[in-house]
Novice: 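Structure below; questions to follow.
The figures that follow rest on heavy atoms only: side chains count, while hydrogens, waters and symmetry mates do not. Remember, it's 1-based here, ligands and their atoms both numbered in the order they're listed. Worth saying up front: this structure is predicted, and the values here are computed from it rather than measured.
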Amino acid sequence: MFQFFVRSEKVNNGLACITGDDYHHLKDVVRLKEGDKVRISIDTGENYIGVIEDFTEDAAIVELTDKAADTELKGKMTLFQGMPKSDKLEFIIEKAVELGVTEIVPTMMEFSVVKIDEKKIISKVERWQKIAEAAAKQSKRSIVPQVLRPMKYKDAVEYAASNTINLVPYENESGPKGTIELLKAVKPEDSVGIFIGPEGGFSEKEIELAREKNMKTVSLGRRILRTETAALTALSLIMMSKEE
Ligand code: SAH
């Protein structure tokens, strides 16, 4: 079943209007017809199954027939991803959204080799956001996770300060026993931040700052994982700890 995100002002008397790019996608690309069922998430947090009733010039009208289950984890899960090379970030965004991430913050770290071109940043973030939206539809999320503008590591640490807990998978941390203990303590409603180093890993200075701020350095096992594997492993572990 196809999924659409609709703003509450487009919902009236049990009818939702699908407009814009979504309308064209629905009508011209996947060619849904009157009578076809769709899943609708409204930005109020409500989710419905609906039936396409009618097509107007610029909208598909969907009658909301049944409530649908919420698919979101409680509490936030934010990925602070050390800026990796080229299209790796796009892969990470897609998969992180499938795993239930709430927010992704591309984070400029000391060993990030990619430097951000300020002139291109707006279009890049727009592109990343589109990838997040497509993944959210595919995995039937109830919200579209946000990709924020890239932040410097120090600013990201500050931004993360309000989380219940911040985990820093660190390649030089020993033994995964401590990780298991920390994961056991995570409650579904907790806001969890996850910091992942880029290909070159974390610098010692970055780890020092993390520990100063009471962020928890953890091991993801005795093998070195690539940055994308580490991000998805950490998210999977937290996802399962947050499930009820
Ligand atoms: N270049 C480094 C590895 C960096 S891996 C080296 O060769 O040692 C990129 C990031 O993935 C790391 O900064 C860390 O955040 C995460 N990571 C990879 N393997 C890990 C592990 N076994 N435990 C915890 N974090 C790990």
Side-chain angles (χ1 to χ4, degrees), residues 73 76-116 124 128 131-132 135 145 147-161 163-186 190-242:
L73 300 167
K76 284 170 66 173
M77 180 161 79
T78 305
L79 174 64
F80 296 88
Q81 173 64 50
M83 195 67 178
K85 283 187 209 152
S86 65
D87 50 4
K88 239 180 215 182
L89 185 63
E90 298 188 358
F91 172 81
I92 294 169
I93 290 169
E94 182 180 291
K95 300 303 162 201
V97 169
E98 290 172 31
L99 292 170
V101 82
T102 323
E103 244 177 20
I104 298 168
V105 184
T107 305
M108 300 310 296
M109 298 192 188
E110 219 172 302
F111 297 148
S112 288
V113 286
V114 171
K115 296 287 169 253
I116 294 286
K124 282 242 161 165
W128 295 332
I131 292 169
V147 184
L148 273 55
R149 281 176 73 128
M151 278 187 207
K152 292 195 186 109
Y153 178 71
K154 250 180 86 182
D155 297 334
V157 169
E158 212 167 284
Y159 180 73
N163 286 333
T164 322
I165 185 167
N166 288 295
L167 300 178
V168 185
Y170 180 37
E171 58 274 25
N172 296 334
E173 188 61 56
S174 61
K177 278 232 172 73
T179 315
I180 294 163
E181 288 307 310
L182 279 172
L183 287 171
K184 273 191 199 149
V186 171
D190 286 350
S191 301
V192 183
I194 302 162
F195 282 74
I196 301 288
E199 291 89 343
F202 284 104
S203 73
E204 278 178 29
K205 247 169 74 190
E206 285 168 339
I207 292 298
E208 228 170 80
L209 178 67
R211 288 179 175 150
E212 233 170 69
K213 300 288 179 187
N214 199 28
M215 297 177 15
K216 307 290 180 205
T217 53
V218 294
S219 160
L220 296 176
R222 281 166 290 133
R223 294 146 303 274
I224 294 289
L225 309 174
R226 284 185 184 257
T227 183
E228 64 272 31
T229 317
L232 303 180
T233 303
L235 287 168
S236 310
L237 290 168
I238 301 294
M239 171 186 73
M240 291 317 284
S241 304
K242 281 167 109 359

Novice: Among Ile207, Ile194, Val157, whose side-chain contact (heavy atoms from CB on, under 4.5 Å) with Val168 holds?
Specialist: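 Of the listed options, the one satisfying the test is Ile207.
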Novice: If you measure from CD on Gln81 to CG on Leu89, what distance do you get to the nearest 0.5 Å?
Specialist: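 Here the rounded value is 6.5 Å.
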Novice: Answer yes or no: is there a side-chain heavy-atom contact under 4.5 Å between Val192 and Asn163?
Specialist: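 No. Closest side-chain heavy atoms not under 4.5 Å.
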Novice: More than 12 non-hydrogen atoms from neighbouring residues, nucleotides or ligands closer than 6.0 Å to NZ on Lys115, yes or no?
Specialist: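 Correct, the count exceeds 12.
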Novice: Between Lys88 and Glu199, does at least one N-O distance fall below 4.0 Å, as a salt bridge requires?
Specialist: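 Answer for the salt bridge query: yes.
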Novice: How would you list, by chain and number, every residue that makes a ring-ring contact (aromatic ring centres under 6.0 Å, His included) with Phe80, sequence neighbours excluded?
Specialist: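 Partners of Phe80 under the ring-ring contact (aromatic ring centres under 6.0 Å, His included) test: Phe195.
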Novice: Quick check on ligand 1: any N or O pairs to the protein under 3.5 Å? One line per pair.
Specialist:
from, atom 1, to, atom 2, distance (Å)
ligand 1, 1 (N), Glu199, O, 3.0
ligand 1, 13 (O), Glu171, OE1, 2.7
ligand 1, 15 (O), Pro169, O, 2.6
ligand 1, 15 (O), Gly197, N, 3.0
ligand 1, 19 (N), Leu225, N, 2.9
ligand 1, 22 (N), Gly221, O, 2.9
ligand 1, 22 (N), Arg223, O, 2.7
ligand 1, 23 (N), Leu220, N, 2.8
ligand 1, 25 (N), Tyr170, N, 3.4

